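Worksheet: the structure to be examined is printed underneath.
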Amino acid sequence: MIDEAYDPHALQERWLPVWDRLDLFQAGRRSGPRTYMLDMFPYPSGDLHMGHAEAFSIGDVVARYWMLRGHDVLHPIGWDAFGLPAENAAIRRGEHPATWTYRNIDTQAASFRRFAVSFDWSRRLNTCDPGYYRWTQWLFLRFLERGLAYRKASAVNWCPQDQTVLANEQVVGGRCERCGAEVTKRDLTQWYFKITEYAERLLDDMAQLVGAWPERVLLMQRNWIGRSTGAYVDFRVGDRTVTVFTTRPDTLYGATFFVVAADAPLADELCAPAQRDAFEAYRDQVSKLSEIERQSAERPKTGVDLGVRAVNPVNGEEIPVFAADYVLAEYGTGAIMSVPAHDQRDLDFARAFGLPVRVVVDTGEPDPARTGVATAGEGILVNSGRYDGLGKDEAISRITADLNERGLGVAAVNYRLRDWLLSRQRYWGCPIPVIHCERDGIVPVPDAALPVLLPDLSGDQLHPKGESPLAAAADWVSVPCPTCGGPARRDTDTMDTFVDSSWYFLRYCSPDFENGPFDPEAVRAWMPVTQYVGGVEHAILHLLYSRFFTKVLYDMGLVDFTEPFSALLNQGSVILNGAAMSKSKGNMVELGAELARYGVDAVRLTMLFAGPPEDDIDWADVSPSGSVRYLARVWRVCGDAGRQGPGTHDPALDRAVARTVDDVTRLTESFRFNVAIARLMELTSAVRKVVDRGVDGPQVRSAAQALAVMLAPYAPYTAEDCWARLGHEPEAGDSVHDAQWPQADPALLIEETVTCVVQVAGKVRDRIEVPVTVTEDRLRELALASENVARALGGRSVRTVVIRPPKLVNVVPG
RNA sequence: GCGAGAGUGGCGGAAUGGCAGACGCAGCGGCCUUAGGAGCCGCCGCCUUCGGGCGUGGGGGUUCGAAUCCCCCCUCUCGCACCA
């Protein structure tokens, strides 16, 4: 107290080197159950920021908690180190992307170390290391062998400003997220992974994740995969058959026209000569639309009559065929039957073009032709020949079965999920390990020749020219064909960085393994990940891709589980004054400045105490200085408790410790960190009071020790110093981070007396101290004897008395 | 538009069928002090005739008892957004 001040920076300098020496967090160091605590690895865009601090604080509490419980914890770190920002920085600075990348990695690693995250540093990996991407390429080749990697021509997002393709996630509201230019489409032949082949399993296996993953993430994945059941139905158009997909075969009799996606080859093929000019004019007009315009849902329906007619297989009716842009070329078959009465989009189109609207399912709602509102609910079939009178579901199965019998239709499932476009016209990524030979076509690079190393390019050589920068490395591109030895060219695209991150959690199990992407033994030992922590921004892409990879590896017999992440926690983000932080808007909190001002522990504690981990933290609403005050209070009380002699004892303190241990254990395990910290604060105050009252037995020291251990996951530096002040010698190997999590003595959790609340008509009127073992009869007696109860009753009779011993009595007046 | 989630003091949040507001921030008062941007202690939802009354976005319901469960409405946040 006298001449003593809590100095967080001095603690950091004192303990960090000690911990480095003790090497406390290596996997294999502890002997308990194996536990894999994984944080989503960072992109090395600069130094760590507030968002990293929050996410990694959460993961660190979980990892450290299980270590203190004696589990053998794997808590690795690495970097998602390929990506476009490195290229842009390299162009700006005239250097190699690797220079910028590795410099940032070093900076972040040093910051993580100072931030006291309990990583096993021996397992560090970077996805841009040849030793890593060699195996990314190896995995690609296995996918290729299984027919799960293929090339096709398609329209991809293109930024005319940056001269590069963009990933879907880089297109925000139809604009390039970096330069703001309107994104257009460009036809390119690209590599894809056949993730659609796994759509059903990606859905089904979510059953394993229910309860352990946030429900909304599962929901987003379900919606993203977008399973629809229905049927394929064949229509005759001239002398050819055109198949449509519909979820409503029961409405076939209501089909009054037919629509083909204007940008699908089918539209071009079906178009009658007389309509050719009109169609081509329309198609050109559609192709000029920006993504922003095309995505606008409120846009009026447009289209053009193709001058041909389709024959409805159920009734032989001839209906007009249109090309329109509201039908998507990439979904289903790119053609639909239009039932305006029961589909809003079709109705909008019908009204715009004056087409008939025929109700075939009577839902009891007003006529869509009049109201302009399509009816999609349950109902009875009408105007549908021999199906009239059937309910919707019955009609769907009967009509589908009948079509099937006639060879004109089949029950089917369709997915909204598209195959994963993995090619990128970028330099700083994993080269696609194939060779294009004029004679042999696409030839995989032999495994023995992996990795296909990136050629050395830097500065201006990386400038976007509309094709991959790799194409400019002429020496690198020309290779002999592995099959025929003739002249051939390397594939000049690199992979989407999501490929790199779809298997890194496996590599962590054996980061130096040379005979494959991972050691099957190590993976069997550690996988699946016990607890994954990361932002909800990866709810679909990264998590879906990783789940896909895991299933493919399972099918290859390389892993024995089908889901990689047993449990998932999404942390919120750190915001300021209600808005996301943004440098350009001057709305920033710098992590470095906060750490310099308050110290690591106070920043961690502030993040964890602010609220539930999945909620956003508004830095304007929280108080790091309050955290410093609390940490100083624990630190002082531990100092005082460490000086106590053998003397008086306070039984109430033992009970308070036991209750806190019990609560904090449960709360930490269920990620209720803010409440756990509140309990630690209460125990701190309790110990303070006991010490100030002059109680000085060994129990005070033991209470403070329990406090220090429970604080260790939350505020590791302060906890270590408290531990030392209580007489331990971390320098000699007795670190709080190697201590045992305290055990609550069950006998102390049972209270002897409790305060019983006495209500009259549900309102609290009295409180009485009773033994926990009190009987119902005794409670009724005590309650009815209460003066407060008598006054509240005001002469009314007692109808009944609800008794929940020992804590509550409710006297119900008659 | 569709889907999901959330609305509790001045603020962040506790309480998931049984004492609303734990814990903290801000504020107020006291002690200590030459001093306090330190520390410690106390107060801190609104109204009150001091008995009590009211109070968890609004309205209704279930229950002895509802922030908690059910229905309707309002507001906000997030996701998807022509997926046939």
Side-chain angles (χ1 to χ4, degrees), chain A residues 1-2 4-6 214-228 230 244-248 251 255 259 261 294-299 301 324-339 342-346 348-349 376 414-418 536 539-540 605-606 609-612 614-627 629-630 632-633 636 663 672 674-682 684-685 688-689 692 755-767 788 791-792 794 799-804 807-813:
Chain A
M1 287 179 293
I2 307 133
E4 268 194 337
Y6 172 75
E215 193 48 49
R216 81 177 158 144
V217 172
L218 296 177
L219 189 73
M220 282 164 74
Q221 294 217 352
R222 251 179 239 121
N223 292 342
W224 187 265
I225 295 166
R227 184 181 199 270
S228 297
V244 301
F245 175 72
T246 177
T247 56
R248 295 292 306 274
T251 63
V259 184
R294 214 181 150 161
Q295 278 171 17
S296 163
E298 300 307 310
R299 201 162 53 91
K301 293 282 179 286
D325 65 358
Y326 84 93
V327 170
L328 305 175
E330 322 89 71
Y331 182 79
T333 63
I336 63 163
M337 65 172 198
S338 284
V339 185
H342 306 299
D343 183 288
Q344 191 59 48
R345 298 153 300 183
D346 294 345
D348 293 342
F349 190 88
N414 237 286
Y415 300 93
R416 187 183 165 281
L417 182 70
R418 308 276 197 269
V536 73
I540 294 168
L605 197 73
T606 302
F609 185 58
E614 45 282 290
D615 288 4
D616 287 351
I617 298 169
D618 194 327
W619 204 247
D621 290 337
V622 294
S623 172
S625 58
S627 299
R629 273 202 295 275
Y630 168 67
R633 216 155 60 230
R636 278 192 306 270
D663 283 351
R672 318 263 325 277
N674 56 329
V675 188
I677 292 165
R679 295 284 176 271
L680 292 176
M681 288 172 167
E682 286 175 300
T684 306
S685 299
R688 175 85 265 159
K689 281 192 177 116
D692 287 351
T755 306
C756 177
V757 170
V758 184
Q759 303 177 330
V760 175
K763 294 206 162 39
V764 180
R765 299 300 177 180
D766 205 355
R767 282 158 226 268
N788 289 357
R791 188 169 52 232
R799 187 169 63 187
T800 174
V801 183
V802 179
I803 305 167
R804 294 284 177 274
K807 286 192 148 170
L808 183 123
V809 178
N810 189 9
V811 180
V812 185

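Treat the numbers as computed from the prediction; the structure is a model and nothing was measured. In what follows, chains are A, B, ... by sequence order, proteins preceding strands, each numbered from 1.
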Rounding to a whole Å, what distance do you find between [X]:[atom1] and [N]:[atom2]?
X: Arg672(A); N: A14(B); atom1: CZ; atom2: P; result: 7 Å
X: Leu328(A); N: C82(B); atom1: CG; atom2: C1'; result: 7 Å
X: Arg799(A); N: C64(B); atom1: CZ; atom2: C1'; result: 7 Å
X: Asp616(A); N: G79(B); atom1: CG; atom2: C1'; result: 15 Å
X: Ile677(A); N: G13(B); atom1: CD1; atom2: C1'; result: 12 Å
X: Asp621(A); N: G9(B); atom1: CG; atom2: P; result: 14 Å
X: Trp224(A); N: C78(B); atom1: CH2; atom2: P; result: 18 Å
X: Leu417(A); N: A81(B); atom1: CG; atom2: P; result: 13 Å

key: Side-chain N or O of Arg679(A) closer than 4.0 Å to phosphate OP1/OP2 of A15(B)   = no
query = Under 4.0 Å: is that the gap between some side-chain N or O of Arg629(A) and OP1 or OP2 of C25(B)?
reply = yes
Inter-nucleotide [atom1] distance ([N], [M]), Å rounded:
N: C25(B); M: G37(B); atom1: C1'; result: 15 Å
N: G21(B); M: U56(B); atom1: P; result: 14 Å
N: U34(B); M: C50(B); atom1: P; result: 46 Å
N: G1(B); M: C54(B); atom1: P; result: 39 Å
N: G10(B); M: A4(B); atom1: C1'; result: 31 Å
N: U75(B); M: G30(B); atom1: C1'; result: 43 Å
N: C40(B); M: C23(B); atom1: P; result: 15 Å

So if I take every side-chain heavy atom of [X] and compare against [options], which nucleotide ends up nearest?
X: Asn810(A); options: G12(B), C82(B), G65(B); result: G65(B)
X: Val802(A); options: A22(B), G18(B), A84(B); result: G18(B)
X: Arg633(A); options: G24(B), G53(B), A84(B); result: G24(B)
X: Leu808(A); options: G18(B), G52(B), C40(B); result: G18(B)
X: Glu682(A); options: A22(B), G39(B), C54(B); result: A22(B)
X: Asn674(A); options: G13(B), C82(B), C64(B); result: G13(B)
X: Lys301(A); options: G52(B), C82(B), A22(B); result: C82(B)
X: Arg216(A); options: G3(B), G18(B), C78(B); result: C78(B)
X: Arg791(A); options: G12(B), G52(B), G13(B); result: G52(B)

note = So OG of Ser338(A) and CG of Asp348(A): to nearest 0.5 Å the spacing works out to 11.0 Å
Using a heavy-atom cut-off of 4.0 Å across all strands, would you classify [X] as base, sugar-phosphate, or nothing?
X: Val801(A); answer: nothing
X: Arg418(A); answer: base
X: Gln759(A); answer: base

request  = Mark yes or no for whether Arg416(A), through its side chain, and Trp224(A), through its backbone, hold a donor-acceptor pair below 3.5 Å.
outcome  = yes
remark   = Between Ser627(A) and Asn788(A), whichever has its closest RNA chain B nucleotide further toward 5' is Ser627(A)
ask   = So which one's nearest nucleotide on RNA chain B is more toward 5', Pro612(A) or Arg248(A)?
value = Pro612(A)
query = Under 6.0 Å from the six-membered ring centre of Tyr326(A) and within 45° of its axis: does the NZ or CZ of Lys301(A) meet both?
reply = yes
query = Between Ser228(A) and Thr247(A), is a side chain to side chain donor-acceptor pair (under 3.5 Å) present by the stated rule, with each step listed?
reply = CA-CA 7 Å; Ser228(A) 297; Thr247(A) 56; over 6 Å; no
